Each structure stands twice: as structure tokens, then as C-alpha cells.
Amino acid sequence: MEGYNLHPDLIQAVDRILLPQEKIQARIEQLGREISADYSGKSPILVGLLRGGICFFSDLLQAISLPVEIDFLSVSSYSPEMQEIGYVRLMKDLELSISDRHVIFVKDIIDTGLTLNYLLRTLKTRKPASLEVCVLLNKEKRRLIDLPLRYVGFEIPDYYVVGYGLDYQEKYRNLPFIGMLKAEMMRNNH
Ligand code: 5GP
């Protein structure tokens, strides 16, 4: 982790860097070009999910050369003890109408797929002209539900990752790379 000017607590929590900053940026540039070509002549709405998705959303937005609009959703999953599997509560709804609009749902990471499944079902009831998903990280191995992912940044193994917006108990979002969190950090509940 040389070259990064980070507090020792942040450096110590990371086992290793899975995706360095340059690799993330290069892939997002490609995704932006691909989306700009696919939606040429259209003006899609990018829908982001707060809060883990903000870094990816912001960089992807700037990599798209079309006229776009943006809006955000926020959800909260119930704690695992209370959770009816896949049940997600909408905490903040969209402000724009997506009816008859081309919507690209932008998400940081897909794990079991349950959150995305719930959100796609909700968005579809509003009758968008089209609805596609752009996800930065895909943990295919943990998928419980088959989901149509139009744009995928990286396939990653089944590790808990932090950084570039992704947290563990609200920490580590500001790491400028995506790193694997040390197992003991999760056990210690820091
Ligand atoms: P799902 O299992 O429904 O696909 O993902 C639920 C949520 O769990 C994601 O939106 C994300 O917030 C969180 N999540 C899943 N895997 C990871 C991970 O490796 N790191 C972090 N920070 N969050 C994750």
C-alpha cells in the first residue's frame, strides 16, 4: 500500500488491494464509452443507490458523453435476525418520474442479488421505456437470483471488499482503491 497517504488504521484494516485506483478508472472510462454508444440519440436517467455507490456513480457520470439526468434511491435492509430474506425498505425515493424514460440503474456491488431484485421490481412498476443495470463489482458465486446485468465492471471473488465508497460499519469508504478487508477486522467489530 505504498504511495497512498492514509491513516495507519485504514492501512492496517486491508489485507490486500484487489483493484487499484488506475484499474477502476480505466474500466469506468470503457463503461462510459460503451453506454454513450449504446444510448446514442437518447437521454437516459442514471439512478444511483446511496451511499456505497456514490464514488462509482460520480466517476461513471463524468465518463458518459450524452445528456443525462440523475436521481438517487436509498434503502435499508433489516438486520439479519429480523430479516425476511431479501426484504429491503425504501428510505429515499426518486424525485424524477421515470415513466417512458430510459433508465440505467447504477450500483456498486451485487452479492446475493436480493437488493437489486427488489429495486428492479419497484422501478419496473413505474413503466420506464427501458431499464438496464450497470454494476461495478459482481460476486457471481454468491448469487441467489438470476438478474440481467447489462454492464459489469469487474467479476470479483467472494471476499468482503471495502473502499471506493464501500464500507464496513460505515468505515473505509474513503479508501481510493477497492481492498479486501482483513477477516479479524470483521470479527473484532471495530
Ligand atoms: P445483495 O446481497 O442484495 O446483492 O447486496 C446487498 C448489499 O450488501 C449491497 O448493496 C452492498 O451494500 C452490500 N455488500 C455486499 N457485498 C459487499 C462487500 O463485499 N462489501 C461491502 N462493503 N458491501 C457489500
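Both counts, for ligands and for their atoms, begin at 1 and track the order of listing. Note that the numbering runs from 1 along the sequence shown for the chain. Worth saying up front: this structure is predicted, and the values here are computed from it rather than measured.
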Tell me, do Leu123 and Leu73 make a side-chain contact under 4.5 Å, heavy atoms counted? yes
Closest non-hydrogen contact found for Phe177 with Leu19 is CB-O, 3.4 Å
Counting heavy atoms under 4.0 Å, the part of Tyr159 that contacts ligand 1 is backbone
For Asp111, the atoms of ligand 1 under 4.0 Å from one of its heavy atoms are 1 (P), 2 (O), 4 (O), 5 (O), 15 (C), 16 (N)
So do the side chains of Met185 and Lys171 get within less than 4.5 Å of each other, counting heavy atoms only?
no
Is the shortest heavy-atom distance from the side chain of Asn138 to the side chain of Lys107 under 4.5 Å? no
Ranking Lys139, Met180, Arg51 by closest non-hydrogen atom to atom 19 (O) of ligand 1, top hit is Lys139
Are the side chains of Leu90 and Leu119 in contact, using a 4.5 Å heavy-atom criterion?
yes
> Under 4.0 angstrom from ligand 1, any heavy atom of Lys107?
Replying inline: yes
Looking at Gly52, Gly113, Gly53, the heavy atom closest to atom 4 (O) of ligand 1 belongs to Gly113
One finds that the ligand 1 atoms under 4.0 Å from a non-hydrogen atom of Leu166 are 21 (C), 22 (N)
Quick note on ligand 1: atoms under 4.0 Å from a heavy atom of Asp167 include exactly 21 (C), 22 (N)
### Query
At a 4.0 Å cut-off, with the gap strictly under it, does some heavy atom of Val161 reach an atom of ligand 1?
yes
Check your understanding: So do the side chains of Leu149 and Leu116 get within less than 4.5 Å of each other, counting heavy atoms only?
Key -> yes
Among Ile109, Asp108, Val75, the residue with a heavy atom nearest to atom 13 (C) of ligand 1 is Ile109
Is there a heavy atom of Val162 sitting under 4.0 angstrom from any atom of ligand 1? no
Is Val152 close to Glu140 at the side-chain level, that is, under 4.5 Å between some pair of heavy atoms?
no
Within 4.0 Å of some non-hydrogen atom of Thr115, the atoms of ligand 1 are 1 (P), 3 (O), 5 (O), 6 (C)
* Asked: Does Tyr160 come within less than 4.0 angstrom of ligand 1, counting non-hydrogen atoms of the residue?
  -> yes
| query | Are Ile35 and Ile70 linked, directly or through other ILVMFWY residues, by side chains that come within less than 4.5 angstrom of each other? | reply | yes
